[in-house]
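In what follows, a structure is listed as C-alpha cells, so that the remarks can point back to it.
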Amino acid sequence: MKQLGALNKYFWKYRLRFGLGLLFVFLSNYFNVLSPQITGFVIDYVQQQIPGYHAPAQPAKYDGLVQRVASWIADAGYKGLTVVALFGITILLLALLRAFFLFLMRQTIIVMSRHIEYDQKNEIYRHYERLDTGFYKTHSTGDLMNRIAEDVSRVRMFTGPAIMYLGNLVAIISLSVFFMLKRDQELTMYVLAPLPILAITIYYVNNTINRKSEQIQASLSNLTTNAQETYSGIRVIKSFVQEKAMLGFFTKNSETYRKNAVGLAKVEAVYFPSITLLIGLSTLLTIMIGGLYYIHGTHQIGLNTILEFVMYINMLTFPVSAIGLTASMIQRAAASQRRINEFLDMEPVIHDNPGAQHVELKGAIEFNQVNFTYPHTGIEAIRDFSLTIIPGEKIAIVGRTGSGKSTIAQLILRMYDVTSGKISLDGKEIGEHTLRTLREQISYVPQDVFLFSDTVENNIRFGRQQASIDEVMTAAKRAVVHREIEQFPEQYQTMIGERGVTLSGGQKQRISIARALLKNPGLIIFDDCLSAVDARTEQEIIGNLNEYLHKKTALIITHRIFSLMNFDKIIVLEEGKIVEQGTHDQLLAIPGGYYAGLYERQLEEDQAAGN
Ligand code: ATP
Ligand code: MG
C-alpha cells in the first residue's frame with residue numbers, strides 16, 4: 001500500500017481541489033442525513049394531532065438546523081396539513097442541496113483524478129524518453145504501453161472513485177452513527193451489529209468476483225489472439241485444409257471462456273440478494289427491538305425514532321456495499337503503482353557526466369583500444385578497436401554482416417558506453433560532452449529506417465523543426481527523392497505510414513537520408529543506407545554527397561564499394577576487429593584481402609547487370 005505514497009506529490013499539487021472535494025463529500029452527506037430527522041419530526045407532529053394520543057417523552061435530539069427549521073415553522077403559527085407540506089418542501093430542498101454538493105464533489109474529486117492521470121502519463125512518458133537504448137532492449141513495447149495506459153487508469157480508479165467512495169463511507173457512517181447514538185445507544189448497537197458481517201462478506205465475494213473476472217480477461221485475450229491468427233493466416237489454413245482443426249481449437253478456447261463467464265454470473269447472482277438479506281436483517285432488528293422499546297416505554301423513543309433508524313440503515317446500504325469494490329480498487333491501484341514506480345525508479349545508465357559541457361564539435365574522433373560487450377547478451381561486438389579520424393575526413397567501414405559496424409555508430413552516439421578503452425571527440429573523452437552535444441551535432445542515418453505516421457515534409461524536418469520548405473526540398477533533392485515526392489498525391493503534404501501512402505524500401509531510405517542531411521551537422525554517419533537503392537540512383541546520391549560532405553566529417557558504413565567517392569580511409573571489420581585499413585588503392589593491393597575480393601565480385605555483378 002505504501003506504493004501509493006508516490007501519489008502524495010500530486011495530492012499536494014491539487015490540495016485545494018482535494019480539500020474542497022472532501023468538504024463537499026461531507027456536506028452532501030450532511031444534507032442527506034437530515035432528511036430522516038425531518039421525517040421523524042413530521043411523524044411525531046402528526047401523531048400529536050391524534051386526539052387522546054400520549055407521545056412518549058422524547059428529548060429534542062435533532063440537528064441544530066432541523067430544530068431551527070421546526071421552530072420557525074411552529075412559530076409562524078401554521079397548522080395541520082400546511083406544516084406537513086412545509087416539511088415536505090424542506091425535504092425536497094435538502095435533496096436539492098445534496099444533489100448540488102454531489103455534483104461539486106464529482107467536479108472536484110473526479111476532475112482531480114483526471115488531472116493526476118494526465119500528469120502521471122506525462123511523467124512516465126518523460127521518464128521513458130530519458131531511459132537509454134539498453135532499457136528498451138530488455139523491456140517489451142507491450143509492457144511499456146501497459147504501464148502508461150492500463151496501470152495509470154487503474155491508479156486513477158483510486159485517486160478518483162475509490163477516494164470518493166471512501167470519503168462517502170466515512171462521512172455517512174460517522175454522521176448517521178453520531179445521530180443514532182445521540183438518539184439511543186442500545187438500539188444503535190443492535191441495528192449496526194450485522195453491518196460488519198456484511199462488510200466482510202462483501203469483501204470476500206468481491207475478491208472472488210475479481211479473480212474470476214481476471215480469468216475471464218485472460219481467456220478472452222486467448223480467444224482474440226486465436227481468432228486474429230486465424231484471420232491473418234487464413235490463406236495458410238485454407239491451403240493446408242486445416243479449417244476443421246482450427247475450429248476445434250477455437251471451440252475449446254471458447255468453451256473455457258464460457259465456463260468462466262457462467263461461474264462469474266453465479267457469484268454475482270448471490271451477491272446482491274445476500275446484501276439485501278443482511279440489510280433486511282438490520283431493518284428487521286430495528287423494527288423489532290425499537291417496537292419492543294416503544295411498547296414497553298422504556299427508552300423514550302417513539303414511532304418516529306424507528307422510522308428514522310430504518311432510513312439511516314437504508315442510507316448506509318450503498319456505501320457499505322461499496323466497501324469491497326473500494327478495497328479491491330485500492331489493491332489494484334497499489335499493484336499498478338508498484339509497476340509504475342519500478343520504471344520510474346530506474347535511472348538511465350547513460351546520462352550527462354557531472355561537468356559535461358555543450359560545445360561546438362569540429363569532428364575529430366579517436367578510438368583508443370576500445371572493447372565493447374553488449375550488456376544484456378554478453379556478445380563481444382568490438383575488440384581492441386583503435387582509429388583516428390581528423391576533421392573533414394571521409395571514412396568507410398565495410399565488413400561482413402554482424403562484424404560490428406553498426407555498433408561503432410552506436411558508440412559514437414553514446415547509445416552505449418564502452419566496456420574498456422576510450423572514445424574521444426575533439427580531444428575530450430566522449431563522456432565530457434553532453435548527450436545533447438553528441439546527438440544534436442551528429443547526424444545519423446540508421447540502418448533500420450523509421451518514419452513517423454506524419455507528412456513527408458514533417459518527417460524530413462524532424463531534426464530541425466524551424467527549417468523552411470525550401471530547405472526541406474533541397475535536402476530531398478540531395479537525397480534524390482524529390483522527384484518521387486512530387487509524384488505523390490499531395491507532394492510534401494502526403495501522409496506516410498498506416499494512414500497514408502505505402503513507400504518502397506528505397507523511398508523510405510532516401511527520406512531518412514534527407515532527414516539527416518537537413519540537420520546539416522559537422523559530423524554525419526550513414527549506416528548502410530543505400531542498400532535498397534538501385535545502382536544509378538546510388539551514383540546520383542554519391543555525386544551529391546561528394547559536394548555536400550565537403551569539410552564535413554563522414555562515416556559511411558556500407559556493403560558495397562562506392563568507387564566514385566574519395567575515401568580518406570577504408571576500414572574492414574571482422575568480428576569487431578580491424579583486419580584491413582587504408583585507401584582504396586592500398587586495400588586493392590592486398591592479395592586475397594576481403595576488400596579486394598569484395599571489389600572483384602562487385603565488378604562482376606555490375607558487368608552482369610550491364611552497368
Ligand atoms: P550488419 O551488416 O548486418 O548490419 P553489423 O556489422 O552492423 O551487421 P552489428 O549490428 O554491429 O553488426 O552487430 C555486431 C554484433 O553485436 C552481432 O553479433 C550482433 O548480434 C550483436 N548485436 C548487435 N546489436 C545488439 C544489441 N542491441 N544487443 C545485443 N547484441 C547486439
Ligand atoms: Mg549494421
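Both counts, for ligands and for their atoms, begin at 1 and track the order of listing.
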Protein residue, atom and distance nearest to [atom], heavy-atom basis:
{"atom": "atom 27 (N) of ligand 1", "result": "Lys137 CE, 2.8 Å"}
{"atom": "atom 2 (O) of ligand 1", "result": "Lys405 NZ, 2.7 Å"}
{"atom": "atom 4 (O) of ligand 1", "result": "Gln447 NE2, 2.6 Å"}
{"atom": "atom 8 (O) of ligand 1", "result": "Gly402 N, 2.8 Å"}
{"atom": "atom 10 (O) of ligand 1", "result": "Ser406 CB, 3.6 Å"}

Check this for me: [X], atom [atom1], are more than 12 non-hydrogen atoms of other residues, nucleotides or ligands nearer than 6.0 Å?
{"X": "Gln465", "atom1": "CD", "answer": "yes"}
{"X": "His550", "atom1": "NE2", "answer": "no"}
{"X": "Glu575", "atom1": "CD", "answer": "no"}
{"X": "Phe249", "atom1": "CZ", "answer": "no"}

Checklist entry - Counting heavy atoms only, which part of His376 comes closer than 4.0 Å to ligand 1: side chain, backbone, both or neither? => result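 The side chain, only.
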Checklist entry - Do Ile557 and Gln447 come close enough that some side-chain heavy atom pair is under 4.5 Å? => result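 Sidechains of Gln447 and Ile557: no contact.
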Checklist entry - Are any non-hydrogen side-chain atoms of Arg510 and Glu484 less than 4.5 angstrom apart? => result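 In short, these two side chains touch, coming nearer than 4.5 Å.
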Item to check | Result of checking Lys9, Arg114, Lys13 against Asp119 for salt bridge (Lys or Arg N to Asp or Glu O under 4.0 Å) | outcome: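 Answer to the salt bridge (Lys or Arg N to Asp or Glu O under 4.0 Å) test with Asp119 among Lys9, Arg114, Lys13: Lys13.
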Next on the checklist: Less than 6.0 angstrom separating the ring centers of Tyr595 and His584, yes or no?
Outcome noted: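 Yes, close enough.
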Checklist entry - Within the stated cut-off of 2.8 Å, is an N/O/S atom of Ser406 closer than that to the Mg ion (ligand 2)? => result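 It does; at least one qualifying atom falls short of 2.8 Å.
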Checklist entry - Near the Mg ion (ligand 2), is there an N/O/S atom from Thr407 that is less than 2.8 Å away? => result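 No, Thr407 does not qualify, because none of its backbone or side-chain N, O or S atoms lies under 2.8 Å.
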Checklist entry - Of Tyr374, Phe135, Tyr136, which meets ring-ring contact (aromatic ring centres under 6.0 Å, His included) against Tyr416? => result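 Single ring-ring contact (aromatic ring centres under 6.0 Å, His included) partner of Tyr416 among Tyr374, Phe135, Tyr136: Tyr374.
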Checklist entry - Are Gln410 and ligand 1 in contact, using a heavy-atom cut-off of under 4.0 Å? => result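 Distance cut 4.0 Å: Gln410 fails for ligand 1.
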State the atoms of ligand 1, each with its element, that fall below the 4.0 Å cut-off from a heavy-atom position in [X].
{"X": "His559", "answer": "2 (O)"}
{"X": "Thr377", "answer": "29 (C), 30 (N)"}
{"X": "Thr401", "answer": "1 (P), 2 (O), 3 (O), 8 (O)"}
{"X": "Tyr416", "answer": "27 (N)"}

Judged on heavy-atom distance to [atom], which of [options] sits nearest?
{"atom": "atom 11 (O) of ligand 1", "options": "Thr558, Leu573, Thr407", "value": "Thr407"}
{"atom": "atom 31 (C) of ligand 1", "options": "Tyr136, Tyr374, Phe372", "value": "Tyr374"}
{"atom": "atom 20 (O) of ligand 1", "options": "Asp527, Ile382, Thr373, Ile379", "value": "Ile379"}

Next on the checklist: Tell me whether Gly404 has any N or O atom under 3.5 angstrom from an N or O of ligand 1.
Outcome noted: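 Yes.
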Item to check | Step-by-step side chain to side chain donor-acceptor pair (under 3.5 Å) determination, Thr437 to Thr434 | outcome: CA-CA 5 Å; Thr437 304; Thr434 59; 2.6 Å; yes
Item to check | Stepwise side chain to side chain contact (heavy atoms under 4.5 Å, CB included) check, Arg156 with Ile116 | outcome: CA-CA 8 Å; Arg156 194 198 74 83; Ile116 293 180; over 6 Å; no
